[in-house]
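The next block holds one structure in the form of structure tokens; read it before the comments.
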Amino acid sequence: MMWRLRTASMFVVMTVILLAVGLAVGFLLDSMWYGLYVMLGLALAMNIYAYFFSKKGALRANRARIVTEAEEPRLYGIVRSVAAKAGVPVPEVGVSDLPMPNAFATGRNPKNAAVVATRGLLDMLPDDELEGVIAHEMAHVKNRDILVMSVASTMAAVLSYLSRYAIYMVMLSGNNKNAANYAIAFALSATVPIAAIIVQLGVSRSREYLADETGAKITGNPRALARALRSIESGVSSPRNEYSNATYSNMWISNPIRKRSLFSRLFSTHPPMDDRVARLNALAAKMDTDSVPRQSDPFKRGR
């Protein structure tokens with residue numbers, strides 16, 4: 001029930017933001033109702049697109065391809081094992097040839113999901129740590145987080161586009177010499193990117209914490225996920241990582257943008273890695289004393 005409320009509330013918030021921006025755009029074009037109708041239509045189209053096509057968009061944007069078990073037997077076997085432990089259908093399995101170590105899940109529901117690992121991740125992690133990462137992504141699938149993440153990513157792209165072209169909207173309007181119009185355009189350019197960040201924050205750091213905890217309970221091995229997160233963070237920070245697609249950065253298990261300013265860290269959709277690792281180690285300590293039950297036995301395979 002809670003995931004339904006979270007999903008509904010996110011759709012409402014995003015639609016309200018789009019409509020507010022629509023009113024502002026309509027004002028710049030001397031027709032507030034026109035702008036409102038356009039943005040209402042855009043919000044509807046965006047939500048329909050995100051529901052039905054966001055998985056294809058995420059796979060394409062991150063250069064990921066769906067693979068067969070014959071192509072990637074190790075990854076496929078781990079995904080199948082984790083899906084059984086999590087009690088969800090086996091998702092499609094994808095691989096991205098990006099060199100950075102990372103992973104993400106996408107799809108509108110557990111029956112339409114895909115779990116993707118990068119080549120860098122597969123080359124870096126042993127099986128138990130890779131299982132921890134896949135379990136984290138499977139937790140997003142199980143909790144229906146990935147639909148909201150996909151919609152938030154699409155929303156951020158729309159808002160960023162609008163902010164970039166706000167000045168051009170003024171120039172196209174009949175009152176392009178009106179100082180108030182230029183002031184509104186500059187305000188949109190300054191505030192809309194922040195709104196996009198807030199929307200992605202709406203996907204929430206708490207979802208990452210929850211996915212860490214849920215994934216750790218699925219495998220029964222929080223320390224393996226903690227080790228994996230440390231390795232991933234180190235790999236993402238490598239000069240070899242040239243990932244720059246900020247629109248989809250919130251989908252990955254670790255923020256893939258290597259060069260991050262103080263401002264971007266402050267508004268990051270991902271919690272601080274030190275906090276995530278500390279929580280996982282604390283969970284492991286509780287499992288050791290049986291104060292927190294293990295959902296399943298740890299994965300016990302070598303490299």
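Just the heavy atoms: all of them, side chains too, but no hydrogens, waters or symmetry mates, feed the values below. All residue numbers refer to positions in the sequence shown, counting from 1. Only a predicted model underlies this, so the values are computations on that prediction, with no experimental measurement involved.
- With hydrogens and angles ignored, the 3.5 Å screen pairs a side-chain donor or acceptor of Asn109 with a backbone N or O of Lys111.
- The pair Asp212-Arg207 does not count as a salt bridge, with every side-chain nitrogen at least 4.0 angstrom from each carboxylate oxygen.
- Comment: Lys85 engages Glu131 in a salt bridge, judged by a side-chain N to carboxylate O separation of less than 4.0 angstrom.
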Fill in: Ser254/Met273 under side-chain contact (heavy atoms from CB on, under 4.5 Å): CA gap, chis, key distance, verdict
CA-CA 8 Å; Ser254 177; Met273 191 59 74; 3.8 Å; yes
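- Looking only at side-chain heavy atoms (C-beta outward), Lys55 and Glu92 come within less than 4.5 Å of each other.
- Between Ile78 and Val82, the closest side-chain pair of non-hydrogen atoms falls below 4.5 Å.
- Between Trp252 and Met100 the shortest side-chain heavy-atom distance falls below 4.5 Å.
- Looking only at atom types and distance, the side chain of Asn102 has no donor-acceptor partner in the side chain of Tyr243 under 3.5 Å away.
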Discussion item. Run the side-chain contact (heavy atoms from CB on, under 4.5 Å) test on Leu121 and Leu130 for me, step by step, so that the C-alpha distance in whole Å, both residues' side-chain angles and the decisive distance to 0.1 Å come before the verdict.
Written reply: CA-CA 8 Å; Leu121 185 77; Leu130 180 58; 3.8 Å; yes
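- How far OH of Tyr209 is from NE2 of His270: 11.5 Å, rounded to the nearest 0.5 Å.
- Between the Thr289 side chain and the Lys286 main chain, a donor and an acceptor come within less than 3.5 Å of each other.
- How far OG of Ser249 is from CE of Met251: 10.5 Å, rounded to the nearest 0.5 Å.
- A donor-acceptor pair is defined here as one N or O able to donate and one able to accept, closer than 3.5 Å; such a pair exists between the side chain of Glu71 and the backbone of Thr68.
- Distance alone, capped at 3.5 Å, places no donor-acceptor pair between the Arg63 side chain and the Ala61 backbone.
- By the 4.5 Å heavy-atom criterion applied to side chains, Pro126 and Arg227 are not counted as neighbours.
- Leu125 and Ala228 get closest at one heavy-atom pair: CD1-CB, 4.0 Å.
- A 4.5 Å side-chain heavy-atom check between Thr118 and Pro99 finds every atom pair outside the cut-off.
- The number of heavy-atom neighbours closer than 6.0 Å to CD of Glu69, taken from other residues, nucleotides and ligands shown, is above 12.
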Discussion item. Evaluate Phe104 against Ile253 for side-chain contact (heavy atoms from CB on, under 4.5 Å), listing each step before the verdict.
Written reply: CA-CA 6 Å; Phe104 71 88; Ile253 191 171; over 6 Å; no
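- For the pair Asp274 and Arg279, the salt-bridge criterion is not met [side-chain N within less than 4.0 Å of a carboxylate O].
- Ionic pairing of Glu129 and Arg223 is not present here: no N-O contact between side-chain nitrogen and carboxylate oxygen is shorter than 4.0 angstrom.
- Side-chain atoms of Asn241 come within 3.5 Å of backbone N or O of Pro256 as a donor-acceptor pair.
- Heavy atoms only, all atoms of each residue included: Ala224 and Asp128 are closest at CB-O, 3.7 Å.
- Under a 4.0 Å N-O distance rule, the pair Arg276/Glu208 qualifies as a salt bridge.
- In this structure, Ala58 and Thr106 approach most closely via the heavy-atom pair CB-OG1, 3.8 Å.
- Between Met138 and Val88, some side-chain heavy-atom pair lies under the 4.5 Å cut-off.
- Residues Ile257 and Val236 have side chains not in contact (no heavy-atom distance under 4.5 Å, counting atoms from C-beta outward).
- In terms of modelled atom types and a separation under 3.5 Å, the side chain of Ser234 and the main chain of Arg230 share no donor-acceptor contact.
- What you find for Ile66 and Ala114 is that their closest heavy atoms are CD1-CB, 4.3 Å.
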Item to complete: Please assess Lys142 against Glu137 for the test salt bridge (charged side-chain N to carboxylate O under 4.0 Å, His left out), listing each intermediate value before the final yes or no.
Response: CA-CA 9 Å; Lys142 188 173 184 178; Glu137 299 306 332; over 6 Å; no
Worksheet item: Between Arg65 and Leu59, does a side-chain contact (heavy atoms from CB on, under 4.5 Å) hold up when you go through it step by step?
Response: CA-CA 7 Å; Arg65 59 185 177 87; Leu59 294 174; over 6 Å; no
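- Contact annotation: the side chain of Val115 never approaches that of Val93 to less than 4.5 Å [non-hydrogen atoms, C-beta and beyond].
- Side-chain atoms of Ser237 come within 3.5 Å of backbone N or O of Glu233 as a donor-acceptor pair.
- For the pair Pro222 and Leu280, the tightest heavy-atom approach, listed with the atom from each and the gap, is CB-O, 3.3 Å.
- Taking the charged nitrogens against the carboxylate oxygens, Asp127 and Arg74 do have a contact shorter than 4.0 Å, which makes a salt bridge.
- Residues Gly220 and Met287 approach most closely at O-SD, 4.1 Å, considering heavy atoms.
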